[in-house]
Number of protein chains: 2
Amino acid sequence: LKNSQLVNNEINELIIPHEKVAHVHKNNPLNHALLVLIKSGYTAIPVLDHENKIQGQISKAQILDSILGLERIEMERLNEYVVEDVADPDIPTLQTDSTFGEALMRSINYPFLCIVDENGAFIGILTRRSILALMHRYFQQ
Amino acid sequence: LKNSQLVNNEINELIIPHEKVAHVHKNNPLNHALLVLIKSGYTAIPVLDHENKIQGQISKAQILDSILGLERIEMERLNEYVVEDVADPDIPTLQTDSTFGEALMRSINYPFLCIVDENGAFIGILTRRSILALMHRYFQQ
Ligand SMILES: Nc1ncnc2c1ncn2[C@@H]1O[C@@H]2COP(=O)(O)O[C@H]3[C@@H](O)[C@H](n4cnc5c(N)ncnc54)O[C@@H]3COP(=O)(O)O[C@H]2[C@H]1O
Ligand SMILES: Nc1ncnc2c1ncn2[C@@H]1O[C@@H]2COP(=O)(O)O[C@H]3[C@@H](O)[C@H](n4cnc5c(N)ncnc54)O[C@@H]3COP(=O)(O)O[C@H]2[C@H]1O
């Protein structure tokens with residue numbers, strides 16, 4: 001069946017390589033992370049450690065929630081906290097030899113997936129956009 | 001060909017009805033819109049007018065950008081501006097009789113699409129998540 005051919009394809013060609021991915025380190029202060037998020041325009045970006053391993057993801061909403069006091073946004077707290085204090089550790093990762101079918105399934109609940117090599121080092125991300133674009137090409141045949 | 005059958009399907013069953021969609025009106029003050037966005041947890045939500053027609057979409061990032069002064073976030077401006085001053089008018093809409101193939105194509109560049117009836121009244125939204133979930137079910141057959 002033609003279908004099963006697509007789902008067994010490799011995901012290599014869909015990966016956005018890590019040099020093109022906006023990211024922060026877990027020890028960065030929050031004001032640095034907020035600046036990278038605002039400048040990149042992305043809703044959420046990956047968080048890495050010093051060994052280039054995935055620690056989670058962080059968004060503008062998480063940073064703002066963490067500095068929202070009762071009366072006002074307490075901007076001075078941006079220097080007191082680091083990314084690790086606020087980041088969401090729940091981020092799906094796939095290996096580079098995962099299939100397209102696995103990527104499609106994981107992308108149902110996550111706007112992007114992190115791709116790692118066999119040692120767990122960060123290789124890049126796979127976005128819903130690239131999965132949808134491939135599906136669209138597939139159905140146009 | 002089995003493929004062409006799926007792309008010609010109607011989109012009715014995928015639509016999130018308007019009563020379940022967080023939205024704001026174009027005349028709402030920005031502080032109301034920011035509250036709805038923070039409470040709903042969504043990145044962006046639709047903006048409607050008094051005739052229930054789609055005017056665009058608004059996000060937390062757009063609201064914060066509009067009140068970011070040189071020195072600090074000028075929270076008092078949240079009461080001075082209204083949604084219409086800040087919202088992004090570029091939002092794709094589909095009619096209720098559009099096909100799945102059209103929805104797939106439009107969702108490549110937009111996390112959600114607005115669905116309208118033949119008079120242009122807002123019916124609901126169609127999200128990337130529902131499209132990806134349908135594709136996943138399709139390939140499992
Ligand atoms: N600068 C830009 N140019 C063109 N289109 C843009 C864009 N920024 C956002 N979009 C569009 O909006 C969608 C949602 O972006 P968002 O930032 O919420 O959510 C993004 C963001 O959180 C993350 N992401 C994507 N590319 C990234 C990158 N190079 N570095 C870090 N994170 C990235 O993956 C999520 C899903 O991305 P996806 O491409 O599927 O879906 C993107 C894309 O279709
Ligand atoms: N409360 C929640 N429960 C479970 N999963 C959640 C969730 N909030 C977000 N997600 C997950 O995160 C994805 C991105 O959400 P986001 O808020 O950036 O982007 C959302 C949001 O801007 C808008 N949206 C979705 N449902 C909405 C609703 N009921 N009312 C207003 N806007 C909605 O459509 C975009 C795409 O939604 P999609 O479902 O494809 O994709 C969602 C979904 O997979």
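Below, chains carry the letters A, B, ... as their sequence lines are ordered, and counting in each starts from 1.
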By the rule that ILVMFWY residues connect when side-chain heavy atoms come within less than 4.5 angstrom, directly or transitively, which residues belong alongside B:Val82?
none
Roughly how far, to the nearest 0.5 Å, is the NE2 atom of A:His136 from the CZ atom of B:Arg106?
11.0 Å
Just jot down the side-chain hydrogen bond (donor to acceptor under 3.5 Å, both in side chains) partners of B:Gln55, sequence neighbours excluded, or say none.
B:Asp49
First locate atom CZ of B:Arg128, then atom CZ of A:Arg128, and finally report the distance between them rounded to the nearest 0.5 Å.
7.0 Å
Working to the nearest 0.5 Å, report the span between NZ of B:Lys60 and OG of A:Ser59.
7.0 Å
So for B:Thr43, is it side chain, backbone, both, or neither that comes closer than 4.5 Å to the heavy atoms of chain A?
side chain
Pull out the residues in residues 93-105 of chain A that come under 4.5 Å of chain B, heavy atom to heavy atom, sorted by number.
A:Leu104, A:Met105
Applying a strict 4.5 Å limit to non-hydrogen atoms, the region of B:Leu37 in contact with chain A is neither
Closest heavy-atom pair, A:Ile131 versus B:Leu132, reported as atoms and distance to 0.1 Å, is CG2-CD2, 3.8 Å
With ILVMFWY side chains joined below 4.5 Å, transitively, what does B:Ile125's cluster contain besides itself?
B:Ile16, B:Val21, B:Leu48, B:Ile54, B:Ile91, B:Phe112, B:Val116, B:Phe122
Kindly indicate whether the side chain of B:Ile38, heavy atoms from C-beta on, has any atom under 4.5 Å from the side chain of A:Leu64.
no
